[in-house]
Number of protein chains: 2
Amino acid sequence: MALEHAILVSLLEKPGSGYELARRFERSIGYFWTATHQQIYRVLKRMAADGWVDVLDVAQQGRPDKKEYSVSPAGRSALAGWLHEPIEPESVRHEIAVKIRGAAFDEPAGLIAEVERHRRMHEDQLAHYLAGQARDFPPGTGEGPPGAAPDPGRELQHAVLRGGIAYERMMTAWLDDVLDTLRRLGPGG
Amino acid sequence: MALEHAILVSLLEKPGSGYELARRFERSIGYFWTATHQQIYRVLKRMAADGWVDVLDVAQQGRPDKKEYSVSPAGRSALAGWLHEPIEPESVRHEIAVKIRGAAFDEPAGLIAEVERHRRMHEDQLAHYLAGQARDFPPGTGEGPPGAAPDPGRELQHAVLRGGIAYERMMTAWLDDVLDTLRRLGPGG
DNA sequence: TGATCCATGTAAGGAGTTACATGATTAA
DNA sequence: TTAATCATGTAACTCCTTACATGGATCA
């Protein structure tokens, strides 16, 4: 299970509440790991019981109180231990590919609208990542301004973001390819 | 749930036993959906109870008897119904990306060997897909020999395989990029 | 007045993984 | 004789999703 570890990484980057973690999982963490608030609260509770995180009750004015979580030394060494274990590449799951192969037994052209919709979603996601990159990693900063020491955290965050960008580019290009194929098969199926 | 639907598609392409389905999920279906034999047997039982598949006991000599499953008319219409429902793109889960961001809090260079290993696995998978493509879709066949009617099933299978190829190409290129970044950060972290 | 944000959770159920179990045949 | 292939399953457990639940503050 990597959700614990994803939470540890996020809390090391910046401590926060379960709610804040859920938002980060929607945004920056979302391009390599997803989790809902229900999952996050459950896992945070377990992590607190295991002593991996420390909890601080924070009273707020004008909004509900929150619990701020931060990584404990035990959590840090749990993460270090996990980093040294080999992992296997994830198994891919693309429901859309099941549909594409299934379309052979239905009306192939009937899938065009759905594939176009997916293509648009991936294109939007790509635009969103590119905007984030332009905002957080403008060209000329970070990667090697001559003489300056690189910030490993920043560089690695950018490397992961480039992975998200490459993924969305690949998906839009592949879905274009699929659309060509579906259209070539013609409206008569 | 798409496992049922992935099984329906596979059984429509060719009827077979649970064991055979498990092997297909390891091979050709594996590049867009994975399932173990335990899962497959459980789901096949449910699908048989729901009348989505027909079962035929086949006695064999020299090997254990098997149950051959094929899609019933009810299964076919269940698939058709599902094909017309919109689906959401899958959430991505890359444990390796969690590790890459986590490396900022450990020794970044310590991750190089693990990333190289993943890169090799993706490269091997790519070679495997390319070999399958060369075998099953040699250039000059399929996509448009002038005058011949295209086989939708075949063309769609190829389109999905091209997605697997594009995915592995993207992953190897991205992991090269990550390796550059890790090496640039230097052995001193 | 209604929607969205902040903030936390419970409960139920479905999906997926890991371990265990059996047993014949065939190739190294 | 050891391992792999064929063939089917159960049991326990973990993980993930969906629905439900609360309640104040802020903005349109």
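Chain letters run A, B, ... following the sequence lines, proteins first, then strands; residues in each count from 1.
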For A:H118 and A:H122, take the angle between the two ring planes, folded into 0 to 90°, and tell me which bin it lands in: parallel under 30, tilted 30 to 60, perpendicular over 60. tilted
A:S17 side-chain N/O to C:dT8 phosphate OP1/OP2 under 4.0 Å: yes
Can you see whether A:R24 engages A:S10 through a side-chain donor-acceptor pair at a distance of less than 3.5 angstrom? yes
Provide, to the nearest angstrom, the distance between the CZ atom belonging to B:R93 and the C1' atom belonging to C:dT17. 14 Å
Write down the atom of A:E95, the atom of B:E90, and the distance for their closest heavy-atom approach. N-OE1, 2.7 Å
Between atom OH in A:Y41 and atom C1' in C:dA11, what is the gap in whole Å? 17 Å
Rounding to an integer number of Å, can you tell me how far B:L44 CG sits from D:dG9 P? 9 Å
Given that B:Q60 and A:Q39 both sit by DNA chain D, which one's nearest nucleotide is further toward the 5' end? B:Q60
With 3.5 Å as the limit, what N/O pairs link the protein to nucleotides 18-26 of chain C?
{"from": "C:dA19", "atom 1": "N6", "to": "B:Q38", "atom 2": "NE2", "distance (Å)": "2.9"}

So, do A:Y31 and A:Y167 have ring centers that fall under 6.0 Å from each other? no
Nearest whole angstrom, please: distance from the P of C:dT8 to the CZ of A:R23. 13 Å
Do any side-chain nitrogens or oxygens of B:Y19 fall under 4.0 Å of OP1 or OP2 in D:dT8? no
Take atom NZ of B:K45 and atom C1' of C:dA15, then tell me their distance rounded to the nearest Å. 17 Å
Do B:H158 and B:Q133 pair up side chain to side chain, a donor and an acceptor below 3.5 Å, judged on atom types alone? yes
Does any donor atom in the side chain of A:T172 or A:R120 lie under 3.5 Å from an acceptor atom in the other side chain? no
When rounded to whole Å, the NZ to P distance for the pair A:K67 and C:dC6 reads 19 Å
Round to the nearest Å and state the distance from B:I40 atom CD1 to D:dT10 atom P. 15 Å
Under a 4.5 Å cut-off applied to non-hydrogen side-chain atoms, are B:M121 and A:P89 in contact? yes
Whole-Å distance between C:dG9 C1' and A:K66 NZ? 17 Å
